[in-house]
Structure formats: C-alpha cells, structure tokens
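Taking it in order: structure first as structure tokens, then the write-up.
Whatever order the structure lists ligands and atoms in, that order sets their numbers, starting from 1. This structure is a prediction, so every number in the text was calculated from the model and none was measured. Excluded from the calculations below are hydrogen atoms, water molecules and symmetry mates; all remaining heavy atoms, backbone and side chain alike, are included.
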Amino acid sequence: MGAPGAGKGTQAVGIATHYGVPAISTGDMFRDNVKNGTPLGKQVDAIMKAGDFVPDELTEQIVADRLDQPDAQGGFLLDGFPRTMHQVDALDDYLDKHGHSLDAVISLDVDPEDLIARLLKRAELEGRADDNEETIRHRMEVYTSSTAPLLDAYKSRGLLVAVDGNGTVDEVGARIAAAVDAKVGR
Ligand code: AMP
C-alpha cells in the first residue's frame, strides 16, 4: 500500500521475485483490458482516466479470478488491492474460504512533495492516461480518504510493515525485503 507514486508497482515486482510469488496488480490488469479493448476495459477506461475507483464488486471479482490461478496457490503479492474497506472484507472472505491468510501488509511511505514530482516524471516516461496534474491530485485525495484508513485496520491486526519509501529503487527494495523477512520470520 502507498500513495500514488510511492513506488508500489516497481517494488511489487522486486518483492514478488524475492519470495518467488506472482505480483498481482489490479491497475495492470485493468490497463491490459483497456489496451485490448475488452468489455471490462471499455467499462473501466473512463473511470481510470478520471482517477476514480473501479467499482468494488468488479475489482474483487478480477482479483478472486486471478488468485484462483495455479501460479498463485503457493503465495502471491497484491499490488494496489485492497483499496477500500469493502475490498478488505472481500479479500478476508476469499482467503478464509480457501484456508489462506495474509502474512504482511507493506506500506510504502514517501514524502508528499516527492510524490507529485515522481508522477509527473512517470507521465513523461510511460505516458499513462491518469498521470496528468489534475488527475494526480484527485487520486491523492481518493487515496487519503478511502485507502489510508485501511492502514489503521491492518495495523491493529498486527500485519502492517511500514517502510520508508524515500531513496533509490534498490535501497527501498532492500529495506522492504529486510522488514518483511523479519516479519514473516524468514
Ligand atoms: P494503480 O496502477 O494501482 O495506480 O491503479 C490505476 C487505477 O486503476 C486506479 O486509479 C483505479 O482507477 C484503478 N484501480 C486499481 N486498483 C484498484 C482497486 N483496488 N480498486 C478500485 N480501482 C482500482
């Protein structure tokens, strides 16, 4: 978990490799659908461009379908999900039903002033449709109001691993690996 621009996607790939599990990114799955012009893609395109959330039920369904795949049976890393309390509950239900549980919830903490600069840079490099200044600001607000409270929920369950997300990709990656290794006793 982390604000837009905190480095979730980049670090998700590294940490998933570290643990030998797939990185499952809801944002990537939605973007692939938009790119391929699928019915789901057509449904979420405008929502994503506006920086709003895709409806919970839709998001929860694609995550459940993805977690049902064979490569996720030995573990997985979720990137960008859950983002609402509804999604937290849905994930709990799914995991309960399948006899699994979360080992850790990683939060990447980055100075707010750095976030906008990072996102504007990403806009230049990747050309993401939702990386313009107005949408960025909106996504920050949505994160603060809808997603940040999830951190408290996971903290009270003893699952939260808060990591300083300032620094180079490698520095932050090493910090995450060390903190999560310690958390899961590896
Ligand atoms: P991300 O790549 O994680 O920043 O996600 C990009 C966009 O995809 C978000 O701004 C939302 O529009 C949508 N999205 C990704 N994950 C979720 C989620 N868990 N719930 C709702 N919408 C999501």
Problem - R83 backbone acceptor or donor facing T147 side chain under 3.5 Å - result: yes

Practice task
Look at atom 7 (C) of ligand 1 and say which protein heavy atom is nearest, naming residue and atom and giving the distance to 0.1 Å.
Solution key: M48 CE, 3.7 Å

Practice task
Identify, by atom number and element, the atoms of ligand 1 in contact range of T59, meaning under 4.0 Å from any of its heavy atoms.
Solution key: 18 (C), 19 (N), 20 (N), 21 (C)

Exercise for the section: Would you indicate which of Q87, R31, R128 comes nearest to atom 20 (N) of ligand 1 when only heavy atoms are counted? Expected result: Q87

Problem - Protein heavy-atom partner closest to atom 16 (N) of ligand 1 - residue, atom, separation in Å - result: T26 OG1, 2.7 Å

Exercise for the section: Tell me, yes or no, whether the heavy-atom count around E134 atom CD, taken from other residues, nucleotides or ligands under 6.0 Å, exceeds 12. Expected result: no

Exercise for the section: Of all the heavy-atom pairs spanning V142 and G51, show the shortest one and how long it is. Expected result: CG2-O, 4.1 Å

Problem - Donor-acceptor contact present, side-chain T135 to main-chain D131, <3.5 Å - result: no

Completion exercise
Of K8, R83, M29, the residue with the heavy atom nearest atom 1 (P) of ligand 1 is R83

Completion exercise
If we number the atoms of ligand 1 from 1 as shown, the ones under 4.0 Å from a heavy atom of G27 are 2 (O), 5 (O), 15 (C)

Exercise for the section: Could you tell me which atoms of ligand 1, counted from 1 in the order shown, lie closer than 4.0 angstrom to a heavy atom of D52? Expected result: 11 (C), 12 (O)

Problem - atom 22 (N) of ligand 1 - nearest protein heavy atom and its distance - result: V54 N, 3.1 Å

Practice task
State, to 0.1 Å, how close P82 and Y154 come at their nearest heavy-atom pair, and which atoms those are.
Solution key: CG-OH, 3.3 Å

Handout entry: D68 CG to Q73 CD distance, which is reported to the nearest 0.5 Å
Key = 7.0 Å

Practice task
Check side-chain contact (heavy atoms from CB on, under 4.5 Å) between V169 and all other residues, then give those that pass, not counting sequence neighbours.
Solution key: T10, Q11

Fill in the blank from the handout: Counting heavy atoms under 4.0 Å, the part of F30 that contacts ligand 1 is side chain

